[in-house]
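Everything numeric here is computed off the predicted structure, so don't read it as measured data. No hydrogens, no waters, no symmetry mates; every other heavy atom, side chains included, goes into these values.
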Amino acid sequence: MAHVTLHNAAGYAQDIKARIHQLKSDEPESNGGKDTGPAPYELLLAALASCTSLTLRMYADRKGWDLGSISVDAHFGRDDSGLETITRKISFGNALSQEQLTRLAEICEKTPVTKTIRQGTAIQTSMA
């Protein structure tokens with residue numbers, strides 16, 4: 001369904017390939033990196049935000065709803081006890097009814113990346 005490859009020559013900068021797309025990931029300077037790309041948690045939030053926006057746009061298009069622009073503000077945090085949370089705030093360029101907003105909020109909880117994060121997908125690792 002999805003596949004990426006990654007190469008790291010040295011340091012913390014990561015070169016990522018997803019299909020024909022080239023991406024970078026790195027740590028901020030405050031974490032010892034060179035800040036040449038988003039940090040891994042920022043990429044995770046980007047995946048969640050983009051999946052959320054794409055899914056809402058697809059749903060609204062099928063319903064004939066004009067959402068206008070879609071903005072998603074996502075934040076990852078960890079408290080002192082180690083509890084991790086992700087918050088996302090979604091806003092639209094066009095005014096929507098309360099019924100539309102309620103339905104779109106329900107759809108947000110069903111986006112593929114939301115479901116993957118919530119269910120805690122198993123990861124299998126092998127060394128070559």
Original post:
More than 12 heavy atoms of other residues, nucleotides or ligands under 6.0 Å from NE2 of His21: is that the case?
Top reply: yes
**OP:** Tell me, please, which residues at least two apart from Gln98 pass side-chain contact (heavy atoms from CB on, under 4.5 Å).
**Re:** Leu101, Thr102
Subject >> Point-to-point distance, once rounded to the nearest 0.5 Å, from CD of Gln100 to NZ of Lys63 >> reply: 10.5 Å
Original post:
Considering residues at least two apart in sequence or located in another chain, which fulfil the side chain to side chain donor-acceptor pair (under 3.5 Å) criterion with Asp66?
Top reply: Asn94
**OP:** Go through the structure and list residues passing side chain to side chain donor-acceptor pair (under 3.5 Å) with Glu27, not counting sequence neighbours.
**Re:** Asn31
Subject >> Residue pairs passing the ring-ring contact (aromatic ring centres under 6.0 Å, His included) test where at least one lies in residues 53-72, sequence neighbours excluded >> reply: Tyr59-Trp65
Original post:
More than 12 heavy atoms of other residues, nucleotides or ligands under 6.0 Å from CD of Glu99: is that the case?
Top reply: no
Subject >> ILVMFWY network linking Leu6 to Leu23, side-chain heavy atoms under 4.5 angstrom >> reply: yes
Original post:
Which ring-ring contact (aromatic ring centres under 6.0 Å, His included) pairs, counting each pair once, include a residue from residues 97-128, with sequence neighbours left out?
Top reply: none
Subject >> Residues in salt bridge (Lys or Arg N to Asp or Glu O under 4.0 Å) contact with Arg62, at least two apart in sequence or another chain >> reply: none
Original post:
Tell me the salt bridge (charged side-chain N to carboxylate O under 4.0 Å, His left out) pairs involving residues 7-20, sequence neighbours left out?
Top reply: Asp15-Lys24
**OP:** Please collect all salt bridge (charged side-chain N to carboxylate O under 4.0 Å, His left out) contacts where either partner lies in residues 109-120, sequence neighbours excluded, each pair once.
**Re:** Arg88-Glu109, Glu109-Arg118
**OP:** Give, for atom CG of Leu56 and atom CD1 of Ile70, the distance between the pair rounded to the nearest 0.5 Å.
**Re:** 5.5 Å
Original post:
With distance as the sole test, does Thr52 use its side chain to make a donor-acceptor pair with the main-chain N or O of Leu48 at under 3.5 Å?
Top reply: yes
Subject >> Residues forming a side chain to side chain donor-acceptor pair (under 3.5 Å) with Asp79, sequence neighbours excluded >> reply: Ser81
Output side-chain donor-acceptor pairs under 3.5 Å for residues 33-47, partner residues at least two apart or in another chain, one line each.
unit_1	atom_1	unit_2	atom_2	d
Thr36	OG1	Asp26	OD2	2.9
Tyr41	OH	Arg78	NH2	3.2
Glu42	OE1	Ala39	N	2.6

Original post:
Does Tyr12 have any ring pair (Phe, Tyr, Trp, His ring centres under 6.0 Å) partners at least two apart in sequence or in another chain, and if so, which?
Top reply: none
Original post:
What distance separates Ile90 CD1 from Leu104 CG, expressed to the nearest 0.5 Å?
Top reply: 8.5 Å
Original post:
Between Ile86 and Phe76, what is the shortest heavy-atom contact and its length?
Top reply: CG1-CD1, 3.9 Å
**OP:** Applying side chain to side chain donor-acceptor pair (under 3.5 Å), name anything that partners Thr5, two or more places apart in sequence or on another chain.
**Re:** none
**OP:** Provide the closest heavy-atom pair for Cys108 versus Thr114 in the form atom of the first, atom of the second, distance.
**Re:** O-OG1, 3.3 Å
